[in-house]
Amino acid sequence: MARVVFSIYLYITLFLIIFLKTEHATGHGTKGLRASSPGDMVIGGIFPIHEDVDNSNTSFAPHQQPCIRFRSSYLVQVLAMINAIDTMNKSPLLADINVTLGYQILDSCSDVSTALRATADFIRQASCPTESNQSTCGQQVMAVIGASFSEASIAIASQLTLSMIPQISYSSTAAILSDKSRFPSFMRTIPNDEHQTAAMVSMLRIYGWNWVGIVTTDGSYGQSALELFVSHASEQGICVAFKSILPQSVTSQDVPSAITRTASTIFKNPKVQVILSFAKPTHMMYLYQELKDQMLREGQNIESMRRVWVASDSWSSSSSVKGNLTLEDIGHVVGFTFKSGDLSSFSEYLSRLEAAGHDYTGTNSFLQEFYMQLNASKDPSDAALMFEAAKTSHAHTIFAIEMAVSAIASAVASICRSRECKTPGTVRPWEMLTALWMQEFKFRENKYQFDRRGDINLGYDVTMWRSEGGNIHVSDIVAEYTPHNNNFIHITQHLQSLKHVISKCSKSCFPGEFKKTAVGQHTCCYQCINCTENYYSNNTDMDQCLACDENTEYSPKGSSSCISKDLLFFSWQDGFAVVLLTFSALGIVLTVLVSALFLHCRDTPVVKAAGGPLSHVILFSLVISYISAMLFVGRPNSFKCKARQVLFGISFTLCISCILVKTLQILLAFQFNPVLHEVFRKVYRPYVIISICLALQATTCTCWLVLKSPSRRIIRLPTTLLENCNEGSYLAFGLMLGYIAVLAFVCFICAFIGRKLPQQYNEAKFITFSMLLYLISWLLFVPVYVTTTGVYLPAVEMVIILISNYGILSCHFFPKCYIILFKKELNTKNAFRKTLYEYSSKCTNSVSVPGQSNSQHYIISALSCSVPVANPLGPAVVTNCRNGTGCTSSIPRQCFRRRTSI
């Protein structure tokens, strides 16, 4: 490789000497420089050997300005074209058809007018008729390689299109040149700027740089690149903080002021840490120097100048732009270059030139003149120019030039295989254009073809400058960009190191925040505002917060995600529910035990006094009521919501109905008014009364279920979902509970009247107490139920049901169980008669009978104040006989028959 570099140094110097001497001999280059070689098919070449022209001559007469500012680095491109043509002439592709390629290479001097004059020369030769004198017209140019800059290529393409001479550029990237309706004969072996700007935007997006500056040149290339970048950037949310447009000509009088303004703009935007540049290398050299000068004048530190510079293909390989600065002063330079390939052929070519020296001239008159001028040159600046030229690598440009020559050679071969091509004029340029469009060509073992826009898009190599020993070098490739999927591959650690660089107008908004842009500001300059409740943002720099599904989710202020609402209900695992369920289960167990005990002792006086078969009906209804209470626990469903209220309503109605019958028995047994007693005796039908009471409640519940039944519902609270039962019709719910309350109140009144019975068998007292407990608990239930919300609303009704059940169980059955189990001596017929006798002795006060004297009293037997023992539901005969043997009244044996019992 060192040998190749040395060869480049040597032959660039030789070309420099020839061009300088030729300029001097021709009056500062007014005729322009050229290199040529004959061939059966001549290829034109236009290269910017000079950087500008001298515009000091303001004459209006047509004239060619002299070229100035010689650029030794671009001589490498000329050598690359010459080598590629020589290589193709020796290849089997052209040797087999005995056709050679020649060339004519002209200098555009980086000036459009000069380039047009060179193009006019090509067209004039191509327009010569076949019968004309070729010595006068010159040999016909079949295709043109060049120009380098897009401005020159656009002008040249417009001219070449008139004669349909194919033009293949190796570095003109303006997107407008892909418009085949305007430039049908233009092609290029590189992608256009549309792909390069897309690659730049893709890299900015990867690193999160959304606040950037742009430096570009005026003219077609710079304006096209600027428009394309802004278009791609806006789609990705990338903002351009400033745009600095420099004059196209590097010698323009406006360049110094434009460079000063650009440097000042960069310093005024410290948040812009990434700058894209589509400028020329000379512009960048001036800009870097001006940045350092302003930094020193302002007394700023070196960090204020450093930036990440994203270089376009126009200067990404020109490390000479640094001037006397170091990479530490500049910052980071990331460049986009075209794909390159194997340069072994070019290296061998330089080696042969070095070995042969003056003897290797052949038929190339350009090389003959080159070596002829070499001995006459003793300019001491040659070594410095050689050193400057060696600093730039043109691998990608050489590759593109060689590909263009290969494409032309393939087109020539496809035409000349079937026809004679050595006679001048037999092949016209448009035939070459047709072959280039249609023909797939082979280059370096790979096949290529121009796409429908005349481009060959191989993607880009991404390079990063590095510093070695104080010198700046373009490093190895740090990444590759593939345009087909708009993605970077093979990203190395060097490029990853740029992730610490932040180039944003505003700090990133974190998840849970959104960007709020002020009116008139860039979209990249914003405030970060927290998302409100029930809204969230799950990414950085979101433009708006997303709404949560309030049916199932919620989020507090500043949330990065939605939180699922907890589904709440009176669950089995709830501690309070466990306690209530325990009491329900205990109640069922106790009720069953009491029922078993009563069944076992069904023939004892206590059981018969408690109601006999009715007591088992009451106990059964209590079991059902306990079960209905359990349905208030657990996740509600449609069945539970309907069953729990209906089961409780009907079961408790059955219980109260049976108790009502018992209270009526008490009234019937102890009603001493014969008229009322007879009325009670006729209407008293126990099972009919129970059936009627139960039927009325069943009717209410049936209408409730049919018309507007209870159902499962979900109440959506801010952070939870409360699942419970909707009672459907609260009117029906109230009627059901009110009906039971009416029955309980009737029981209470009746029991209260007959509350003074023997202590051991006093049903009325316990009925009074149990009904009073029921009425009080349900009166308290109404306000508590109305004011309670949340999970424990079902628990309120469950508690009241348990209180009612335990009240009846405790008052009606536990005292009887106590006598049966622990006071067995009181549970006998004798003890029962004794108790009745003791009670009757308290009732010895006579009951006056109308029509009798006050001195005579009818003594109501104690049996009239007691419950018959033998059959509680059978008739009981009670007389007004004092000792059971005779009547003491003047009324002949007047006795009251009572067919009812307590």
Side-chain angles (χ1 to χ4, degrees), residues 51-52 69 110 197 200 204 209-219 221-223 225-226 229-230 233 238-336 391 464-465 467 470 472 498 501-505 522 524-525:
E51 195 171 17
D52 211 339
R69 301 173 66 89
S110 305
T197 53
M200 290 179 173
L204 296 178
W209 298 328
N210 64 359
W211 190 236
V212 299
I214 297 180
V215 178
T216 186
T217 55
D218 199 2
Y221 169 73
Q223 293 290 353
L226 178 61
F229 175 80
V230 172
I238 297 172
C239 301
V240 178
F242 61 84
K243 307 170 188 175
S244 294
I245 301 177
L246 306 176
Q248 172 66 24
S249 174
V250 295
T251 60
S252 172
Q253 296 179 351
D254 298 329
V255 169
S257 60
I259 292 294
T260 301
R261 287 194 303 271
T262 301
S264 178
T265 301
I266 292 173
F267 278 122
K268 289 178 181 178
N269 290 273
K271 291 184 178 180
V272 179
Q273 290 295 308
V274 177
I275 299 176
L276 284 75
S277 174
F278 300 93
K280 292 183 177 181
T282 304
H283 285 138
M284 294 307 300
M285 183 175 64
Y286 293 158
L287 178 59
Y288 285 144
Q289 188 59 50
E290 179 63 23
L291 284 171
K292 186 173 184 179
D293 292 344
Q294 288 192 17
M295 179 192 70
L296 295 176
R297 286 196 299 269
E298 297 295 331
Q300 299 179 7
N301 54 30
I302 191 66
E303 286 78 9
S304 61
M305 179 180 170
R306 294 173 185 166
R307 297 291 189 277
V308 174
W309 301 88
V310 181
S312 69
D313 60 89
S314 61
W315 67 279
S316 58
S317 299
S318 301
S319 57
S320 58
V321 301
K322 74 175 184 65
N324 61 355
L325 279 70
T326 64
L327 194 58
E328 184 180 359
D329 299 327
I330 296 173
H332 302 280
V333 179
V334 179
F336 285 82
K391 296 177 183 177
M464 191 170 178
W465 290 13
S467 179
I472 296 178
L498 297 179
V501 178
I502 299 175
S503 185
K504 293 185 175 183
C505 180
H522 283 281
C524 297
C525 300

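The figures here come from the full heavy-atom set of this structure, side chains too, leaving out hydrogens, waters and symmetry mates.
- The line from CD1 of I275 to CZ of F242 is 4.0 Å long, rounded to the nearest 0.5 Å.
- Residues S318 and P281 share a closest heavy-atom pair of OG-CG, 3.7 Å.
- A heavy-atom distance below 4.5 Å is not found between the side chains of F229 and T216.
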Working for side-chain contact (heavy atoms from CB on, under 4.5 Å), residues V308 and Q273: CA-CA 6 Å; V308 174; Q273 290 295 308; 5.8 Å; no
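- Between K322 and V333 the shortest side-chain heavy-atom distance does not fall below 4.5 Å.
- The closest side-chain heavy-atom distance from L276 to L204 is below 4.5 Å.
- Nearest approach of E51 to S110, heavy atoms of both residues: O-CB, 3.1 Å.
- In this structure, L327 and S467 approach most closely via the heavy-atom pair CD2-N, 3.8 Å.
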Steps toward side-chain contact (heavy atoms from CB on, under 4.5 Å) verdict (T282, V255): CA-CA 11 Å; T282 304; V255 169; over 6 Å; no
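- When side chains are defined from C-beta on, I245 counts as touching Q223, because their heavy atoms get closer than 4.5 Å.
- Nearest approach of G213 to V272, heavy atoms of both residues: N-CG1, 3.4 Å.
- Here the CE atom belonging to M305 is positioned 9.0 Å from the CG atom belonging to D293, to the nearest 0.5 angstrom.
- Considering OG of S316 and CE of M284, their distance stands at 11.5 Å, rounded to 0.5 Å.
- The main-chain N or O of C505 is found under 3.5 Å from a side-chain atom of K271 such that the two form a donor-acceptor pair.
- Under the 2.5 Å SG-SG cutoff, C239 and C525 do not qualify as a close cysteine pair.
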Criterion side-chain contact (heavy atoms from CB on, under 4.5 Å) on Q294 and T260, from CA distance to verdict: CA-CA 9 Å; Q294 288 192 17; T260 301; 3.8 Å; yes
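- Contact annotation: the side chain of M295 approaches that of I302 to within less than 4.5 Å [non-hydrogen atoms, C-beta and beyond].
- Taking OG1 of T217 as the reference point, atom CD of Q248 lies at 5.0 Å (rounded to 0.5 Å).
- The salt bridge (Lys or Arg N to Asp or Glu O under 4.0 Å) contacts involving residues 298-317 comprise E303-R306, R306-E328, where partners must be two or more places apart or lie in separate chains.
- If you take NZ on K280 and OG on S312, they are separated by 12.0 Å, rounding to the nearest 0.5 Å.
- The existence of a salt bridge linking E290 and R297 is confirmed by a sub-4.0 Å separation between a basic side-chain nitrogen and an acidic carboxylate oxygen.
- Looking only at side-chain heavy atoms (C-beta outward), L246 and L287 stay at 4.5 Å or farther from each other.
- Listed here is the closest heavy atom pair of S304 and Q300: OG-OE1, 3.0 Å.
- For residues 256-279, the set of pairs meeting the ring-ring contact (aromatic ring centres under 6.0 Å, His included) definition, not counting sequence neighbours, is empty.
- Nearest heavy atoms, A279 versus H283: CB-CB, 3.9 Å.
- Put simply, CG on L296 and CG on L291 are 11.0 Å apart, with the number rounded to the nearest 0.5 Å.
- When the options W315, F336, Y288 are evaluated for a ring-ring contact (aromatic ring centres under 6.0 Å, His included) with W309, the one that passes is Y288.
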